[in-house]
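Here's the structure we're looking at; comments come further down.
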Amino acid sequence: MEHETWNKIKSIVESLLFAAGKPISYNQIAKILKIDQKEAEQTIRQMQKEYQEQKRGFRIVSNNYQAEMTSAPENAEMLSQFLNYEKSAISQAKIEALTVLAYKGPLTQAELEEIRGVNCSVILRNLKIDDLIDGIKQGDMIKYQVSVKFLKMLGIESVEELQSNVNCLLS
Amino acid sequence: MEHETWNKIKSIVESLLFAAGKPISYNQIAKILKIDQKEAEQTIRQMQKEYQEQKRGFRIVSNNYQAEMTSAPENAEMLSQFLNYEKSAISQAKIEALTVLAYKGPLTQAELEEIRGVNCSVILRNLKIDDLIDGIKQGDMIKYQVSVKFLKMLGIESVEELQSNVNCLLS
Amino acid sequence: MNLQISLQQFQGPLDLLLTLIQKQELDISKISLSQVADQYLKFINENKHIPFNKLLDFLAIASQLIILKTRALLPYLSDDAEEESEDNLIIKLQNYQLYLNLAKKLQNRLENQQSISFSRLSKSINFRLDESSITLPLLQKTAARLLTQKVKPMPITALKKIFNIQEKLKQINDYLKQKEKFLFSELVGRTSSKIEIIISFLALLELSKAGVVFISQKEMFEEITIMKHGT
């Protein structure tokens, strides 16, 4: 393969593996690049070798004609520190969103964002996965409210109990 | 810096940026690596240069003391297909405010209003919710600047790339 | 001239001014500003439903235009501070025009270009909240921090009708039907609004230019006398 072409192919495969965030099959890569599967596989093998030799911060794990880009295992400990930071940032954001929904809810995503001043799509999705909020359909809109599970965690029975508690505090 | 240490730092930063999947602050990188923020910034600048020179499939977009690893903009066409990406339209008013911030930012709300001749509190709030700008605290003031997300939409790595072209025109 | 424009088309007063100037194929200058000042004021007059927060922005520029126009009519009324503010307005407009051009370029780039950098599509990191970390006191503290910022009510009363130049002209005309000669102080009456005084004055100048009235003043800062032309 010509040097120029090879560099171009490598760059695209790198972009694909990076952006995908999950395993992609050699077949899929071959189709996108209009090369054959064998060539896709060779490219990936070559890249694996390069990453290791250059001691890069990521690797390519391949299995069953699929490849996935991952971070380098030797940096796992540092990454766990990063995840700790993330954990406290996420907890903080979750508590804020839950507070607003508990006292002002039910709210649409836009209403919640207006109060918090930041985009809330990810946090709403995660709070739903955690079962800490419910989405209630009202016409075309979805309004979010804290869940029964959340109230249980606080040891109270209803949102009204919560809201009456704090209304005096806010006015 | 020793060559060995430098390679190690680079590898960790690479892992961090890769794993995060969103912008991380220089400050956070510095804390995790126990280096100072200036060194973190230098490392990132160096990596940006390397990725460009080596024509890699990923790049680093940096702004407001944050950096995010992204795919290389020249591979956008292939990736758009693969990711089913659809461009989202940004309103005229938003584009106008973003332009002023991109070329003249970071600016306080008052400075932005002076240039645009209109009150900007609503638009700043909405741009913040869209994640298209960042608010950076400087003392008592908040200064606003376009975000990494906005730069990514343009396929550029830093605001300097935009500003160097036109700074002389604006008085 | 029918402007056929509405507020929705404009990002703000600078945008409106620029459009008016460009429609007449003029450059940005004091002369062109004083030429489009009337249209600008007329526009504000005709758009009764400009939201209050926007109206303030439009009025700020309007008052500058009124002063500028007054000075164009009476060039000897010169004042360094005012001249500086006119120069500022011109620089502001020139810069604004530049930004508009840049915005168009950026818009084009966003719409047409093929170069976009993509994030990694990893699953977003999620952590379950530690159940014991959620307590009522924490919630109350967070609520107090997030939910107590009150929005200041806007003083909507003041600026309602100030801006009606046409109304002022009519008022002066009515006045002239009753009296052939009157004082400026009679005309403004008890109003303490600077903008209203300026508008009254501007309206007078308009009438004077049109040959309807004759204005005289014995000395600086003396009372201005207005007479119906031909008396």
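Everything quoted here is computed from the prediction, not taken from an experiment. Chain letters run A, B, ... following the sequence lines, proteins first and then strands; every chain starts at 1.
Residues from residues 111-131 of chain B that place a non-hydrogen atom less than 4.5 Å from a non-hydrogen atom of chain A comprise B/R125, B/K128, B/I129, B/D131, given in numerical order. Applying a 4.5 Å heavy-atom cutoff, the residues of residues 24-33 of chain B that approach chain A are B/I24, B/Q28, B/K31, B/I32.
For the pair B/G57 and A/E14, the tightest heavy-atom approach, listed with the atom from each and the gap, is N-OE1, 2.6 Å.
For residues 28-59 of chain B, the set of pairs meeting the ring pair (Phe, Tyr, Trp, His ring centres under 6.0 Å) definition, not counting sequence neighbours, comprises A/F58-B/F58, B/Y51-B/F58.
Put simply, CG on B/L16 and CG on A/N75 are 7.5 Å apart, with the number rounded to the nearest 0.5 Å. Note that CZ of B/F82 is 13.0 Å distant from CD1 of A/I12, once rounded to the nearest 0.5 Å. Within the model, atoms CE of A/M78 and OG of B/S11 stand 10.0 Å from one another, a figure rounded to the nearest 0.5 Å.
Around the CD atom of A/E74, the shell of radius 6.0 Å holds more than 12 heavy atoms that belong to other residues, nucleotides or ligands. Annotation for A/E77: atom CD does not count as buried by contact number, only 12 or fewer foreign heavy atoms lying within 6.0 Å. Within 6.0 Å of NZ on B/K8 lie more than 12 heavy atoms contributed by other residues, nucleotides or ligands. By the neighbour-count criterion of 12 heavy atoms within 6.0 Å, atom NZ of A/K152 is sparsely surrounded, having that number or fewer from other residues, nucleotides or ligands.
Contact of B/Q54 with chain A is made through the side chain alone, with heavy-atom distances under 4.5 Å. Only the side chain of A/E50 comes within contact range of chain B, judged by heavy atoms closer than 4.5 Å.
Ranked by heavy-atom pairs shorter than 4.5 Å toward chain A, the options B/A20, B/A19, B/G21 are led by B/A20.
Between B/R56 and A/R56 the shortest side-chain heavy-atom distance falls below 4.5 Å.
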Quiz: residues 62-73 of chain A side-chain donor-acceptor pairs under 3.5 angstrom, not counting sequence neighbours:
unit_1	atom_1	unit_2	atom_2	d
A/S62	OG	A/Q48	NE2	3.1

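Ion pairing of A/E86 with B/K22 is present here, as a side-chain N (NZ or NE/NH1/NH2) and a carboxylate O approach within less than 4.0 Å.
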